[in-house]
S.K.: 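Structure below; questions to follow.
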Amino acid sequence: MSVLYVVATPIGNLEDMTYRAVSVLKNVDYIAAEDTRHSKRLLVHYDISTPMLSYHEHNETESSAGLVALLEENKSIALISDAGTPLIADPGYRLVRDARAKNISVVPVPGCSAAVAGLSVSGMSTDRFCFEGFLPSKTVARQRVLETLNSETRTMVFYEAPHRITETITAMGKAFGQERRVMIAREITKHYETFWQGSLAEATSALEKNEITQRGEFVVILDGIGEKPEFYDEAALMRTLLLELPPGKAAKVAHQLTGVSKKVFYEIALKEKR
Ligand code: SAM
């Protein structure tokens, strides 16, 4: 029986490999790797000599077809990415979808993911959280996504590259208010592993002063706005503020108090005026 295994690998510390992952990688016919040269180190470390095939973002459609053809010939394949769980901000979606469409068994071999590792030590609410992956790199598009998350009550988890971490934290300060709590988890499980926690204002300043090194890999974990208290009512809040302030200023203050988007309050203000 052919099986496609989706195998998690370490995100830094090679010892975070499961016994089952090693055994599956040793026993499948092929390992489909995002970057075969990168994965070679892991395979050598665990004395795994299974042949590797390349599977990466730029050839996902073609290589997915090739791998599904092998699975249909009863070969078993393990999909791995450069680090962590494949498909989580990593290639593999097409392959899993296409294999499932052909009724091929797709089996997870779970292990690390940087998002869950960071979240688990954040001290922020984990009852509900959302994974936002990488934000768009362009300023306007990124701000637009952040605005849509403005009233998010769940803890938010982001991935970020070192050359964009300062820009992103600054943009978050604008979108969510400077007081929102954030954890910046850097180089999890590696030699320079650090966890920094504070407000977005403090984070921006720590990055500007290089108190947080802008090198390596980052997970950013951001507090949600929390559940609204029972008595909280957006329209009532705006009515009170409008007694003293013009609509634009009232919307700004309401946003600072609640974290809900300024636009939402501005629209309420216009309705109240009418
Ligand atoms: N599939 C991976 C997973 O399950 O976590 C994520 C792959 S994604 C291409 C790479 C991003 O994950 C990095 O840019 C960083 O944001 C995050 N990441 C991966 N390893 C990390 C680590 N050791 N410490 C902090 N962040 C990490």
Side-chain angles (χ1 to χ4, degrees), residues 4-18 20-21 24-25 31-39 41-42 45 54-60 63 78-97 106-124 126 129-137 142 145-146 149 155-172 182-197 203 206-207 212-222:
L4 171 64
Y5 295 96
V6 179
V7 182
T9 58
I11 55 169
N13 189 329
L14 286 185
E15 294 191 10
D16 287 335
M17 185 78 173
T18 68
R20 183 167 168 235
V24 166
L25 294 184
I31 295 171
E34 187 185 358
D35 177 345
T36 52
R37 276 199 311 193
H38 177 95
S39 295
R41 192 171 145 244
L42 179 77
H45 185 84
S54 145
Y55 180 84
H56 53 78
E57 252 173 321
H58 313 293
N59 70 356
E60 262 200 81
S63 58
L79 173 69
I80 59 173
S81 62
D82 287 354
T85 303
L87 280 85
I88 307 301
D90 261 341
Y93 161 72
R94 278 194 186 80
L95 176 59
V96 169
R97 181 197 61 188
V106 183
V107 172
V109 181
C112 291
S113 189
V116 174
L119 182 68
S120 70
V121 295
S122 68
M124 293 179 192
T126 49
F129 64 90
C130 60
F131 174 62
E132 286 294 320
F134 289 99
L135 287 164
S137 54
R142 180 179 52 218
V145 172
L146 290 176
L149 292 170
T155 301
M156 290 161 268
V157 184
F158 302 86
Y159 283 165
E160 196 46 281
H163 59 280
R164 275 204 287 267
I165 187 75
T166 305
E167 253 177 77
T168 293
I169 294 293
T170 309
M172 284 178 172
V182 65
M183 170 181 267
I184 301 178
R186 173 175 168 260
E187 295 285 86
I188 303 170
T189 78
K190 300 191 207 178
H191 185 71
Y192 292 107
E193 176 180 76
T194 45
F195 300 102
W196 187 98
Q197 217 160 5
L207 283 160
I212 303 170
T213 309
Q214 290 160 58
R215 272 200 301 274
E217 301 194 278
F218 291 88
V219 179
V220 175
I221 300 145
L222 192 66

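The first residue in the sequence is number 1, and the count goes up from there. For the numbers below, each heavy atom of this structure counts, side chains included, while hydrogens, waters and symmetry mates do not. What you are looking at is a predicted structure, and each value in this text was computed from that prediction instead of being measured. We count ligands from 1, going down the list as the structure has it; atoms in each ligand are counted the same way.
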S.K.: So is Phe134 close enough to ligand 1, meaning a heavy atom under 4.0 angstrom away?
M.R.: yes

S.K.: Does any N or O of ligand 1 fall below 3.5 Å from an N or O anywhere on Gly12, backbone included?
M.R.: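 In this structure, Gly12 places no N or O atom under 3.5 Å from an N or O of ligand 1.
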
S.K.: Could an N or O of ligand 1 be found under 3.5 Å from any N or O of Asp90, whether backbone or side chain?
M.R.: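 It does: an N or O of Asp90 is found under 3.5 Å from an N or O of ligand 1.
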
S.K.: Check whether Glu217 reaches the backbone of Glu187 with its side chain - one donor and one acceptor, N or O, closer than 3.5 Å.
M.R.: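 No; zero donor-acceptor contacts below 3.5 Å.
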
S.K.: Is any side-chain heavy atom of Ile188 closer than 4.5 Å to one of Ile11?
M.R.: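 When only atoms from C-beta onward are counted, Ile188 and Ile11 do touch, with a gap below 4.5 Å.
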
S.K.: May I ask you to list the atoms of ligand 1 that are less than 4.0 angstrom from any heavy atom of Lys190?
M.R.: 23 (N)

S.K.: Is there a side-chain contact between Phe218 and Arg164 in this structure, where contact means two heavy atoms from C-beta onward sitting under 4.5 Å apart?
M.R.: no

S.K.: Heavy atom of Val219 under 4.0 Å from ligand 1?
M.R.: yes

S.K.: List the closest protein heavy-atom neighbour of atom 24 (N) of ligand 1: residue, atom name, distance to the nearest 0.1 Å.
M.R.: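 Checking every protein heavy atom, the shortest distance to atom 24 (N) of ligand 1 gives Ile188 N, 2.9 Å.
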
S.K.: Under 3.5 Å between some N or O of ligand 1 and some N or O of Ser81?
M.R.: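 Such a contact does not occur with ligand 1.
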
S.K.: Nearest 0.5 angstrom please: Arg186 CZ to Gln214 CD, how far?
M.R.: 9.5 Å

S.K.: Any N or O of Thr85 that comes nearer than 3.5 Å to an N or O of ligand 1?
M.R.: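 Yes, there is a polar N/O contact under 3.5 Å.
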
S.K.: With atom 8 (S) of ligand 1 as the reference point, say which of Pro10, Ala117, Ala89 has the nearest heavy atom.
M.R.: Ala89

S.K.: Ala115 to ligand 1: N or O pair under 3.5 Å?
M.R.: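 No, Ala115 has no N/O under 3.5 Å of an N/O on ligand 1.
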
S.K.: Val219 versus Tyr159: any side-chain heavy-atom pair under 4.5 Å?
M.R.: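 Val219 vs Tyr159: side chains touch.
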
S.K.: Does any N or O of ligand 1 fall below 3.5 Å from an N or O anywhere on Thr189, backbone included?
M.R.: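 Looking only at distances, the answer is no, because the N/O contact criterion of under 3.5 Å is not met.
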
S.K.: Taking side-chain contact (heavy atoms from CB on, under 4.5 Å) as the definition, give me every residue that meets it alongside Tyr93, ordered by chain and number, with sequence neighbours left out.
M.R.: Leu87, Arg97

S.K.: Just to confirm my output: which protein heavy-atom neighbour is closest to atom 16 (O) of ligand 1, and how far is it?
M.R.: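 The protein heavy atom lying closest is Phe218 O, 2.6 Å.
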
S.K.: With side chains defined as the heavy atoms from C-beta onward, is the minimum distance between Leu25 and Val109 less than 4.5 Å?
M.R.: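 Sidechains of Val109 and Leu25: no contact.
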
S.K.: Only heavy atoms of Ile88, strictly under 4.0 Å: list the atoms of ligand 1 that pass.
M.R.: 1 (N), 2 (C), 4 (O), 6 (C), 7 (C)

S.K.: What is the closest protein heavy atom to atom 21 (C) of ligand 1, and at what distance does it sit?
M.R.: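 Protein heavy atom with the smallest distance to atom 21 (C) of ligand 1: Glu217 OE1, 3.6 Å.
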
S.K.: Could you state the interatomic distance from CD (Glu160) to OG1 (Thr168), rounded to the nearest 0.5 Å?
M.R.: 3.5 Å

S.K.: Kindly identify the option in Ala161, Ala83, Ala114, Gly84 whose heavy atom sits closest to atom 18 (N) of ligand 1.
M.R.: Ala114

S.K.: Looking at Asp82 and Glu34, what are the two nearest heavy atoms and their distance?
M.R.: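 So the minimum-distance heavy-atom pair works out to N-OE1, 2.8 Å.
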
S.K.: Using distance alone, decide if ligand 1 has a nitrogen or oxygen within less than 3.5 Å of any nitrogen or oxygen in Ala185.
M.R.: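 N/O-N/O distance under 3.5 Å: no.
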
S.K.: Using the side chain to side chain contact (heavy atoms under 4.5 Å, CB included) rule, pick out the option among Val6, Leu79, Val106 that qualifies with Leu95.
M.R.: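 Result: among Val6, Leu79, Val106, Leu79 is the only option passing the side chain to side chain contact (heavy atoms under 4.5 Å, CB included) with Leu95.
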
